[in-house]
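What follows is a short report on a single structure.
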Amino acid sequence: MNSFSGVPEPLTRLINELSKLPGIGPKSAQRLAFHLLRSSEETTKALVIAVEDMKKQVDLCSICFHITDKDPCQLCQDEERDESVLCVVEQALDVIVLERTGQYRGRYHVLQGVLNPMEGIGPEDLRISELLQRVQSGNIGEVIMATNPSLEGESTAMYVQRLLTPHGVRITRLARGLPSGADLEYTDEITLAHAFEGRQTF
Amino acid sequence: MTSRERTYRIEGIIIRRRNIGEADSIFTIFSNTQGKIDAVARSIRKPRSKMRGHLETMVQSSLFVARGRSLDILTQAQTIDSYQEIRGNLEKSAAALYCFELVDLFVEKGEPLPELYRGLKQFLEVLKATSSPLSVRYFELYLLNLLGYEVRVFECVVCDSRLPEQTALLVPEAGGLVCGNCRLNTGPGRLIPVPIIKLFRFAARVSLENYVTIRVTEENLNLLRLATIDLIRYHLEREPKSQYFLENLPPPPQKP
């Protein structure tokens with residue numbers, strides 16, 4: 001544990017804990033800790049309670065593995081959603097982003113990561129067997145692979161495709177191409193090739 | 001390049017990527033002139049990043065790098081080859097990642113190894129065109145040989161006599177094959193039948209392009225795999241993490 005001379009031990013402990021958070025370096029941790037020190041007791045208590053409640057109440061949905069405070073989650077309980085379409089994503093944040101578009105009205109399955117052989121993350125570390133069970137037991141007609149278009153995301157999509165193909169389900173992949181506001185000059189060949197492949201009548 | 005230069009240009013293959021912070025990534029690059037380096041790309045995960053598509057695992061890029069205090073910083077990147085033929089195939093992707101991990105584990109940072117760089121490029125070129133598992137076996141032996149862990153397969157490593165046309169013992173600790181007479185004087189090993197000895201010898205004599213055209217039975221492929229894995233495991237003192245993935249892929253779907 002780092003110790004800071006002249007800083008009381010409880011504050012040092014808070015700085016150390018904060019600096020473990022992603023994107024928070026020692027300087028930012030120090031700033032946040034001193035901000036909390038100056039804040040009213042009400043504010044700090046609210047933060048403590050929010051963190052505690054989050055840890056106690058938020059868990060993974062037993063069906064789709066999205067984060068939820070009710071099991072099954074709101075998205076799995078929504079009868080208006082199309083049960084025959086399943087969108088497979090890497091993480092809960094992806095569900096939130098996709099929901100923001102308002103374009104998709106099917107169900108989700110969160111893999112809780114991607115295959116990353118070099119880091120030792122294999123299929124048994126992800127929710128792939130649960131996805132297979134859902135496809136085997138449900139009336140799913142289409143599985144949309146919405147993993148990132150990175151090497152790991154692509155490998156995961158290909159791996160899942162191999163497992164699902166024998167079950168006769170239609171497997172699709174999110175379209176790839178130029179993002180809004182992109183500059184052709186700086187676009188890489190992979191994206192350009194996909195943009196050409198996926199071009200549409202104007 | 002002098003140490004005073006603040007920037008440098010390299011050609012390299014990205015062998016590993018780790019995301020850090022909000023939108024940054026650290027890339028491990030195996031380059032032609034600088035060997036293995038780690039460099040950070042700031043805001044690379046943002047959609048507007050101009051380097052985004054040019055910096056990805058298994059992309060060969062021309063890179064402009066600025067020296068940083070702890071980590072060098074990638075400032076420009078231009079794709080040379082994105083190896084589309086490999087990334088669209090699960091077996092080939094897994095094979096490439098396994099060899100990247102080997103390079104990452106065996107090579108020290110900042111040690112220029114231009115010959116190994118050419119070898120890795122050649123491996124990826126061959127992998128584009130073929131699915132032969134022999135390509136991985138060749139690369140393993142090529143890498144060991146180049147880094148000073150040559151596997152002696154023509155003479156007995158104990159008595160130096162020419163190995164007869166019969167089963168020999170592969171003893172990683174001794175650095176190669178041991179003849180029948182010397183077997184009792186060595187450490188543990190694996191018995192290697194003549195066809196596998198020949199595959200070892202071919203790997204030392206022919207190019208990768210020719211090696212992958214050799215017709216090998218499934219049984220012999222498996223024996224060769226076990227033998228090379230013994231060697232890798234001995235030198236690394238563990239198994240590469242990606243090896244399990246490469247060896248346990250589900251079979252490709254049958255075409256109707």
Side-chain angles (χ1 to χ4, degrees), chain A residues 21-25 28 90-91 97 114-126 128-129 132 148-169 171 173 176-195 197, chain B residues 14-25 28 45-59 61 76-84 86-91 93-94 96-98 100-102 104-105 239-246 248-255:
Chain A
L21 298 173
I24 308 281
S28 306
E90 292 179 16
Q91 51 174 341
V97 174
V114 271
L115 295 172
N116 194 338
M118 286 174 81
E119 304 295 339
I121 302 170
E124 60 286 346
D125 301 308
L126 310 178
I128 291 179
S129 57
L132 199 58
N148 284 329
S150 61
L151 184 65
E152 293 80 14
E154 290 294 345
S155 299
T156 309
M158 285 190 282
Y159 188 93
V160 170
Q161 181 204 18
R162 283 195 180 184
L163 297 179
L164 298 185
T165 302
H167 300 283
V169 67
I171 303 162
R173 187 93 175 95
R176 291 199 285 172
L178 298 167
S180 307
D183 199 327
L184 274 186
E185 186 189 347
Y186 294 106
T187 308
D188 61 286
E189 58 177 78
I190 307 175
T191 309
L192 276 176
H194 283 292
E197 273 172 29
Chain B
I14 295 159
I15 60 172
R16 191 173 210 137
R17 174 186 189 153
R18 275 150 294 168
N19 292 337
I20 54 156
E22 189 95 347
D24 304 344
S25 293
T28 303
R45 280 143 65 206
K46 290 187 176 166
R48 293 284 181 98
S49 166
K50 288 172 181 168
M51 295 194 291
R52 194 178 155 95
H54 302 280
L55 288 173
E56 169 71 85
T57 313
M58 210 193 295
V59 168
S61 281
Q76 283 177 45
Q78 178 65 52
T79 305
I80 298 170
D81 197 339
S82 53
Y83 301 105
Q84 284 281 40
I86 300 174
R87 59 179 68 238
N89 179 303
L90 196 54
E91 274 79 15
S93 290
L97 285 176
Y98 171 72
F100 289 168
E101 190 179 358
L102 289 185
D104 195 23
L105 293 173
E239 281 173 8
K241 287 177 181 169
S242 53
Q243 183 191 311
Y244 181 81
F245 182 71
L246 174 65
N248 291 282
L249 291 173
Q254 299 291 316
K255 281 180 186 153

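Convention: sequence-line order gives letters A, B, ...; per-chain numbering from 1. Note that the structure is predicted; figures quoted are calculated from it, not measured.
Using a 4.5 Å cut-off between heavy atoms, B/S93 contacts chain A through its side chain alone, with no backbone atom that close. At a 4.5 Å heavy-atom cutoff, B/I86 makes no contact with chain A through either its backbone or its side chain. Only the side chain of B/E56 comes within less than 4.5 Å of a heavy atom of chain A; its backbone N, CA, C and O stay farther away. Heavy atoms closer than 4.5 Å to chain A are found in the side chain of B/R18, but not in its backbone. If you measure heavy-atom distances from B/P251 to chain A, the contacts under 4.5 Å come from the backbone alone. With a threshold of 4.5 angstrom between heavy atoms, A/L151 approaches chain B through its backbone and through its side chain. Contact of B/I15 with chain A is made through the backbone alone, with heavy-atom distances under 4.5 Å. For A/L115, the part sitting under 4.5 Å from any heavy atom of chain B is the side chain, from C-beta outward, and nothing else. Interface remark: B/Y98 contributes no atoms to any contact with chain A (heavy atom separation under 4.5 Å).
Between chain B and the options A/T191, A/I121, A/T165, the largest number of non-hydrogen pairs under 4.5 Å is found for A/T165.
In this structure, OG on B/S61 lies 12.0 Å from CD on B/Q76, to the nearest 0.5 angstrom.
Between A/E119 and B/R16, at least one side-chain nitrogen of the basic residue sits less than 4.0 Å from a carboxylate oxygen of the acidic one, meeting the salt-bridge criterion.
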